[in-house]
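The next block holds one structure in the form of structure tokens; read it before the comments.
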Amino acid sequence: MKTVYTCFCTDVIHEGHLNIIKEATKLGDEIVVGVLSDEAVIRFNRFFTVDFEERFRMVQKIDGVSKVIVQHDITYDDIIQNLHPDYVIHGDNWTSGPLKAIRNNVVQLLEKYGGELIDIPYTYNENVKRIDNKMKEKLAMPEYRRKRLRKLIDLCPIVKTIEVHSGLTGLIAEKTVVENDRGLDQFDAMWMSSLCDSTVKGKPDIELVDMTTRFRTIDEVMEVTTKPIIFDGDTGGRIEHFVYIVRSLERMGVSAIIIEDKTGLKKNSLFGTTVEQTQDTIEHFCEKIRAGKKVQLIDDFMIIARIESLILEKGMDDAINRARAYVAAGADGIMIHSRKDEPSEIFEFCDLFRMEHPATPIVVVPTSFNSVTEAELIAHGVNIVIYANQLTRSAFPAMEQTAKSILKYHRAQEADSQLMSIQQILTLIDQL
Ligand code: SPV
Ligand code: MG
């Protein structure tokens, strides 16, 4: 009896999947299908719109399938070692691109005992394309996008979040994938940074860019992405205004707002004590949190309180006292910020906070203490890491260098080797 294995990562069974099963039955008698677990799906290429149990049932119903099992990882190591299939069958869409690494690994695993990989032509006709696009677009809908952040916090060791400030940076956050020793890596969520949304508009980060304009940026990003958005709400403004901001954001499908406990003219935290900055009182900031939580209509939406005590050199006790008060006021998470160039005070805060609050999400922004690794943050109980400004900071020097080169040589040829080709830019944006 020959065993054939294939793995499905889909919310909809279409003719492409049925074709794989048909081809599999030509190779063997026992057709085993793996269904990717939720944790594995989000590391693969997309989120899910259908629960794991439902995905599992869908596959069980397919004619010709002998057995359905869970595949816990996007790499096939465990499955192949335990099942020893005679054949693994897959669409040939994984012979190029980032999925190639997973395929190569499968080939090596099978070679060890004489198993064989069968790549069959990937079914990508109009109907499959339509189903695929529909699934993608569903993920962008507010009701699906909004709740994803809470799911990611549950499923990911750490939610990797990258700054966005435009459709283009949104596409980078959405589509950038790298291969690594465990398969693939990609960002999980997007940070709508006030610093970067202001900087790209040539404005200082002082709550000068008004909310309506910032909502326009969210809309721009949302039009071309599906990943959840964490909105940098600065101070949240006046309580009377903050409640309207919460309502607007949840309606748009934003997953969380982070508000910082400062008042008066807000300056960027990384100025620290070199400029005048006033921390809000615990009482007033708690009132703001409570007001936001009270008007919120959808439970999935999160209000995360950002503590500036370490930035303003008010000490660890102040930071912890504030964390305690903000959680009691209803904050769904705590962001602790620091401008030290090493992470020890962040670790200390996280360890102390975790003793009192084992499950409340912790968010950090390692801009100054950038040597810290995600593994270290996980070890100290951090749930969300935000890379808050690196895209903007990489784009500016690149653009400036090009501008200088054109000025220097009185033509564009010298700059060209550093540039994306015209062909690439013309085809960068998918057509509907
Ligand atoms: C932002 O990205 O706008 C932030 C993080 O608020 S920081 O700039 O470090 O204050
Ligand atoms: Mg900010």
Side-chain angles (χ1 to χ4, degrees), residues 153 157-159 161 191 193-195 205 230 232-236 256-264 266-290 292-293 302-389:
I153 292 170
I158 194 160
V159 178
T161 307
W191 166 243
S193 155
S194 70
L195 170 65
D205 182 19
I230 304 173
D232 176 359
D234 291 316
T235 64
I257 182 170
I258 300 189
I259 49 169
E260 58 194 275
D261 57 359
K262 287 201 299 234
T263 188
K266 190 218 81 148
K267 309 260 176 65
N268 185 275
S269 299
L270 301 175
F271 280 123
T273 50
T274 63
V275 295
E276 202 181 315
Q277 307 212 48
T278 315
Q279 202 170 14
D280 202 353
T281 63
I282 293 182
E283 294 69 30
H284 184 256
F285 197 66
C286 284
E287 205 186 314
K288 197 178 283 185
I289 296 166
R290 272 194 297 270
K293 290 309 293 176
M302 300 173 77
I303 297 179
I304 298 174
R306 162 171 167 177
I307 297 172
E308 293 285 294
S309 305
L310 304 180
I311 292 283
L312 300 171
E313 296 174 11
K314 299 281 174 63
M316 189 58 68
D317 286 349
D318 186 72
I320 288 292
N321 281 341
R322 282 173 178 270
R324 196 176 289 134
Y326 299 164
V327 172
D332 299 295
I334 291 291
M335 172 180 151
I336 183 67
H337 208 11
S338 164
R339 61 193 167 85
K340 292 264 165 68
D341 58 12
E342 45 78 35
S344 58
E345 65 177 10
I346 288 287
F347 290 165
E348 189 186 343
F349 175 91
C350 294
D351 296 344
L352 289 168
F353 182 75
R354 271 282 164 263
M355 283 198 273
E356 281 185 41
H357 302 280
T360 309
I362 304 178
V363 184
V364 301
V365 179
T367 302
S368 311
F369 49 103
N370 57 15
S371 61
V372 75
T373 62
E374 288 164 4
E376 287 172 304
L377 294 173
I378 293 166
H380 289 275
V382 173
N383 304 87
I384 301 179
V385 57
I386 300 179
Y387 299 100
N389 47 52

- Looking only at heavy atoms, which two atoms of Ile311 and Ser269 are closest? And how far apart? CG2-O, 3.3 Å

- Using 4.0 Å as the upper bound for N to carboxylate O, is an ion pair formed by Glu313 and Lys340? no

- Message: Checking Asn370 now: which residues fulfil side-chain hydrogen bond (donor to acceptor under 3.5 Å, both in side chains) with it, not counting sequence neighbours?
- Response: none

- Do you know which of Glu308, Lys314, Gln279, Arg306 makes side chain to side chain contact (heavy atoms under 4.5 Å, CB included) with Arg322? Gln279

- Query: Has the side chain of Thr360 got a donor or acceptor atom that lies under 3.5 Å from a matching backbone atom of His357?
  - Reply: no

- Do the side chain of Glu260 and the main chain of His337 share a donor and acceptor less than 3.5 angstrom apart? no

- Side-chain donor-acceptor contact under 3.5 Å, Gln277 with Lys267: no

- Close side-chain approach of Met302 to Pro361, heavy-atom, < 4.5 Å: yes

- Message: Ile230 vs Thr161, test: side-chain contact (heavy atoms from CB on, under 4.5 Å). Steps then yes/no.
- Response: CA-CA 9 Å; Ile230 304 173; Thr161 307; 4.1 Å; yes

- Query: Under 4.0 Å between a Lys/Arg side-chain N and an Asp/Glu carboxylate O for Asp234 and Lys262?
  - Reply: no

- Query: Going through the distances and angles, do Ile384 and Ile158 end up as a side-chain contact (heavy atoms from CB on, under 4.5 Å)?
  - Reply: CA-CA 5 Å; Ile384 301 179; Ile158 194 160; 5.9 Å; no

- Nearest heavy-atom pair of Lys288 and Gly236: which atoms, and what distance? NZ-C, 4.2 Å

- Message: When you compare the side chains of Asp232 and Ser193, does any donor N or O come within less than 3.5 Å of an acceptor on the partner?
- Response: no

- Item | Distance (rounded to the nearest 0.5 Å) between Glu345 CD and Met316 CE | 5.5 Å

- Task: For the pair Ile257 and Ile304, evaluate side-chain contact (heavy atoms from CB on, under 4.5 Å) and give the outcome as yes or no after the intermediate values.
- Result: CA-CA 6 Å; Ile257 182 170; Ile304 298 174; over 6 Å; no

Distance-only donor-acceptor hits, side chain of residues 328-336, under 3.5 Å, sequence neighbours excluded:
| from | atom 1 | to | atom 2 | distance (Å) |
| --- | --- | --- | --- | --- |
| Asp332 | OD1 | Arg150 | NH2 | 3.4 |
| Asp332 | OD1 | Lys293 | NZ | 3.2 |
| Asp332 | OD2 | Lys293 | NZ | 2.6 |
| Asp332 | OD2 | Ile303 | N | 2.8 |

- Query: Where do Glu342 and Phe369 come nearest, in terms of heavy atoms and distance?
  - Reply: C-CB, 3.6 Å

- Task: Return yes if some donor-acceptor pair links the side-chain N/O of Asp318 with the main-chain N/O of Ser309 below 3.5 Å, else return no.
- Result: no

- For side-chain contact (heavy atoms from CB on, under 4.5 Å), just list the numbers for Val327 and Phe353, CA-CA rounded to whole Å, side-chain angles, deciding distance to a tenth of an Å, and then say yes or no. CA-CA 11 Å; Val327 172; Phe353 182 75; 3.9 Å; yes

- Message: Looking at every heavy atom in both Ile258 and Val363, which two are closest together, and how far apart are they?
- Response: CD1-CG1, 4.2 Å

- Item | Rounded distance [0.5 Å steps], CZ in Arg354 versus CZ in Phe349 | 9.5 Å

- Query: For residues Thr263 and Asp280, is any side-chain donor paired with an opposing acceptor at under 3.5 Å?
  - Reply: no

- Partners passing side-chain hydrogen bond (donor to acceptor under 3.5 Å, both in side chains) against Ser368 (at least two apart in sequence or in another chain): none

- Any Phe347 side-chain heavy atom under 4.5 Å of Leu377 side chain: yes

- Query: Would you call Leu270 and Thr367 a side-chain contact if the rule is heavy atoms closer than 4.5 Å?
  - Reply: yes

- Heavy-atom closest pair (Gly381 atom, Ile362 atom, distance to 0.1 Å) is O-CD1, 3.8 Å

- Could you give the distance from CD1 (Ile320) to CD1 (Ile307), rounded to the nearest 0.5 Å? 7.5 Å

- Message: Quick check for you: to the nearest 0.5 Å, what is the distance between Tyr326 atom OH and Ile259 atom CD1?
- Response: 9.0 Å

- State, with a plain yes or no, whether a side-chain heavy atom of Lys266 is found less than 4.5 Å away from one of Asp205. yes

- Closest heavy-atom contact between Ser371 and Glu376? O-OE1, 4.1 Å

- Query: In Å and rounded to the nearest 0.5 Å, what is the CD1 to CG distance from Ile289 to Asp261?
  - Reply: 8.5 Å

